[in-house]
Undergrad: 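Next up is a structure, given as structure tokens.
Note that the structure is predicted; figures quoted are calculated from it, not measured. If you read the sequence from its start, that first residue is 1, and numbering goes on from there.
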Amino acid sequence: VELQHAGIYSRMTRFSGKTVYGPVDGENAEGVFRAMPEELILETIGKYARAAAWAKACGFGMVTIHAGHGWLLSQFLSSKVNTRTDKWGGSPENRARLPVAIADAIKKACGAAFPVEIRISGSEVTPRGYDLDEGIEIAKALDGHVDLLHVSAGHHEYPEVFCVTHPSIFSEDSANIKYAEAIKKHVKTPVATVGAHCDPALLEEIVASGRADVIELARALLADPDLPKKARSGRAAEIRPCLRCLQCFSGLLTNGQIYCAVNTEIGNELEYAALPPAQTAKNVVVAGGGVAGTHAAITLARRGHRVVLLEASPRLGGTLKCEENVPFKKKIRDYLAYQSKLVASLPVDVRLNTPATPENVAALHPDAVVAALGARPVRPRIPGIDLPHVLSAEEVYENPEKAKARVVVLGGGLVGTELAIFLAGTGRAVTIVEMAPTLNSGGNILHQFALDVEIKGRDIALALGTTALEITPSGVRCESAQGERFVDADCVVYAVGQSPLSDAAYALRDAAPEFYVIGDCATPKNITQATTAAEAVAREI
């Protein structure tokens, strides 16, 4: 169980009309906060100890004291925040007095044998927070008072480093190991590392080389809870890869529930605790080998149905195949490879280079048809759209050399924004033109944090609340509330949405008694929606 106190970010306390406390008096964007008087500090220490004792009584075998990411104990530890002049502030030892006292009180309440971990930010990785040198001093002050030093990084309430704390698709694997590695050299307490850990070979190297003693995983275990078992038994190729898309965390904030883009059991644990076998094995044709169609075929085969998967192209993967060579899309490539290997291991009759026409499907005499034909890019009706330097996002992903030095991307949804980041990373000057006043995250608000950091870091220009009126050989004539403007460009890429191939899908509805439509050919959305719908339909048949 993790024990934490939000300190100056205690929103629910503020909403209830009560006083919010931190190390010192101050004010932030949410309101005024007061310095904790000593009697409240002592009361807080006691509450941590009682909470830990209660957790132990409930059967938990360990507690984590959260003293990182900008919460209360981190606020006390930070020289940037804690400017008190009493024994609870000043020197590193004084600033660490509160978490040390809490750890000692928990040990007294629960016994020396009850494991206590403390989580810290090795560095807050921002000028507004403390650096690694201070993180090392903090760790040294905590050394010997806990059983495990859990070293994370960043600050939860500073958007510019949110994706340090929660590494995004733009982060390398095991991105934050350097903080744990540096701290381990200065303490005797075992050190844990967290952040984008997913590659079993790299995790083994980290422990074997002594860079850290313990690896902690969260999202990787949502994607595949059996990751450790598969790695230990030499089945690393069977691990379902985490996309690092932050859909899980965003779903928690927007829907109050964690879901996983690639593991449909997450958020549906009771309903999906078992995969019931088919009461009657049926002949099922799945039309389309994108993410949705392939997922449906896998679940149908596992339930005992006889499955034929028709795919018009030479490979499974659908439209996502065009993004496979984008450096920050490596996890997409890994997931498509995982799906292909899994479907090949099952009794699924995969027929590539075979369009799912009404005639082809009817000839298989199916009992059920699942249409997952996908969608195609919308081509906007703008004067100049037929000029040779105007391309779709899909064309540019497949052939990035077609994009010239100055690029205008029409559309600020995920496709357009990620394409702009990709092109800017290759040295091109990129402008995003978007009609709406903001970029569209598609509901994944935390992934948008990562995109915003990349947009700023790669000097991508934004023209928001702006309509493209005309494309010319030298650029795009636009209009906004401020009037007309011209954006120079020698390449224009449109990414204004997807049009579902619903007509082609519904042309198959008379080929079988049962008919279902899933994925982008129903409503173009995202991987989470595709796998969720595919799983639900495959369990229904």
Side-chain angles (χ1 to χ4, degrees), residues 2 4 6-9 28 64 66-75 77-81 118-139 149-184 191-199 202-203 206 211-212 214-220 222 242-250 252-253 327-328 330-331 417-418 421 425 441 444-460:
E2 178 182 287
Q4 75 148 312
I8 64 176
Y9 301 113
N28 57 23
T64 295
H66 200 327
H69 302 170
W71 304 125
L72 176 71
L73 302 187
S74 178
Q75 294 157 23
L77 288 167
S78 173
S79 62
K80 295 288 183 73
V81 179
I118 192 163
R119 179 181 234 193
I120 65 170
S121 292
S123 168
E124 292 184 320
V125 203
T126 170
R128 294 198 278 172
Y130 64 78
D131 59 15
L132 180 57
D133 288 340
E134 188 166 333
I136 291 170
E137 293 305 310
I138 288 169
L149 276 168
H150 174 163
V151 180
S152 183
H155 190 296
H156 195 275
E157 298 301 300
Y158 293 164
E160 69 269 22
V161 291
F162 180 89
C163 290
V164 172
T165 303
H166 311 281
S168 71
I169 62 172
F170 302 102
S171 307
E172 61 184 6
D173 289 350
S174 301
N176 292 335
I177 179 59
K178 56 189 174 184
Y179 304 108
E181 184 176 12
I183 283 173
K184 183 170 165 53
V191 171
T193 175
V194 70
H197 294 309
C198 55
D199 179 358
L202 179 55
L203 306 191
I206 287 171
R211 299 168 74 190
V214 174
I215 306 286
E216 305 213 7
L217 304 92
R219 286 177 290 172
L222 291 176
C242 169
L243 302 184
R244 211 176 292 153
C245 62
L246 290 166
Q247 183 67 53
C248 49
F249 199 170
S250 285
L252 178 64
L253 296 181
F328 57 81
K330 177 183 180 296
K331 300 303 178 185
T417 303
E418 290 177 353
I421 290 169
S441 68
N444 192 334
I445 57 174
L446 299 183
H447 181 53
Q448 189 64 54
F449 279 8
L451 298 177
D452 291 342
V453 170
E454 296 300 317
I455 287 168
K456 182 177 180 180
R458 303 187 192 213
D459 293 323
I460 296 171

Undergrad: I want to check something: taking the side chain as every heavy atom from C-beta on, are Glu216 and His197 in contact at a cut-off of under 4.5 Å?
TA: no
Undergrad: At what distance, to the nearest 0.5 angstrom, does CD1 of Ile206 lie from CD1 of Ile215?
TA: 4.5 Å
Undergrad: Is the shortest distance from a Lys or Arg side-chain nitrogen in Asp131 or Lys80 to a carboxylate oxygen in the other one below 4.0 Å?
TA: no
Undergrad: Take atom NZ in Lys178; do more than 12 heavy atoms of anything else shown fall under 6.0 Å from it?
TA: no
Undergrad: Give, for atom CD1 of Ile421 and atom CG of Leu451, the distance between the pair rounded to the nearest 0.5 Å.
TA: 4.5 Å
Undergrad: Measure the spacing between CD1 of Ile136 and CD of Glu134 and express it to the nearest 0.5 Å.
TA: 11.0 Å
Undergrad: Got His66 and Leu73 here, is their nearest side-chain heavy-atom distance under 4.5 Å?
TA: no
Undergrad: Below 30° counts as parallel, above 60° as perpendicular, anything between as tilted: where do the rings of His155 and Tyr158 land?
TA: parallel
Undergrad: Could you tell me whether the side chain of Ser121 and the main chain of His69 form a donor-acceptor pair under 3.5 Å?
TA: yes
Undergrad: For Thr193, is there any backbone N or O sitting under 3.5 Å from a side-chain donor or acceptor partner on Arg211?
TA: no
Undergrad: Can you tell if the side chain of Glu454 reaches within under 4.5 Å of the side chain of Cys163, non-hydrogen atoms only?
TA: no
Undergrad: Considering non-hydrogen atoms only, spot the tightest contact between Ala196 and Pro167 and give its length.
TA: CB-CB, 3.7 Å
Undergrad: Answer yes or no: is there a donor N or O on one side and an acceptor on the other, between the side chain of Asp173 and the main chain of Leu202, under 3.5 Å?
TA: no
Undergrad: Quick one: pull up CZ in Phe449 and CG in Asn444 and give me the separation to the nearest 0.5 Å.
TA: 11.0 Å
Undergrad: Could you tell me whether the side chain of Gln4 and the main chain of Trp71 form a donor-acceptor pair under 3.5 Å?
TA: no
Undergrad: Could you tell me if the side chain of Glu124 sits less than 4.5 Å from the side chain of Val161, heavy atoms only?
TA: no
Undergrad: For the backbone of Val125 and the side chain of Ser123, can you confirm whether one donor and one acceptor N or O come within less than 3.5 Å of each other?
TA: yes
Undergrad: Side chains of Asp452 and Gln448 only: does a donor on one sit below 3.5 Å from an acceptor on the other?
TA: yes
Undergrad: Assert yes or no for the condition that the ring centre distance of His166 to His156 is strictly below 6.0 Å.
TA: yes
Undergrad: Would you say the side chain of Arg119 lies within less than 4.5 Å of the side chain of Val194, judging by non-hydrogen atoms?
TA: yes
Undergrad: According to the interplanar angle, ranging from 0 to 90°, do the rings of Phe170 and His447 count as parallel (below 30°), tilted (30 to 60°) or perpendicular (above 60°)?
TA: parallel
Undergrad: Main chain of Gln75, side chain of Ser78: is a donor-acceptor contact present, judged purely on distance under 3.5 Å?
TA: no
Undergrad: Evaluate the side-chain proximity of Glu160 to Pro127: yes if any heavy-atom separation is below 4.5 Å, no if none is.
TA: no
Undergrad: So which heavy atom on Ala180 is nearest to which on Ala192, and how close?
TA: CB-O, 3.9 Å
Undergrad: Taking Asn176 for the side chain and Val164 for the main chain, is one N or O donor matched with an acceptor at less than 3.5 Å?
TA: yes
Undergrad: Closer than 3.5 angstrom, by distance alone: can the side chain of Thr165 be matched with the main-chain N or O of Ala153 as a donor-acceptor pair?
TA: yes
Undergrad: For a 4.5 angstrom cut-off between non-hydrogen side-chain atoms, does Ser174 reach Leu203?
TA: yes
Undergrad: Compare all side-chain heavy atoms of Glu418 with those of Ile169 and state whether any distance is below 4.5 angstrom.
TA: yes
Undergrad: Quick one: pull up CD1 in Ile120 and OH in Tyr179 and give me the separation to the nearest 0.5 Å.
TA: 12.5 Å
Undergrad: Enter the distance from Ile118:CD1 to Thr64:OG1 here, rounded to the nearest 0.5 Å.
TA: 9.5 Å
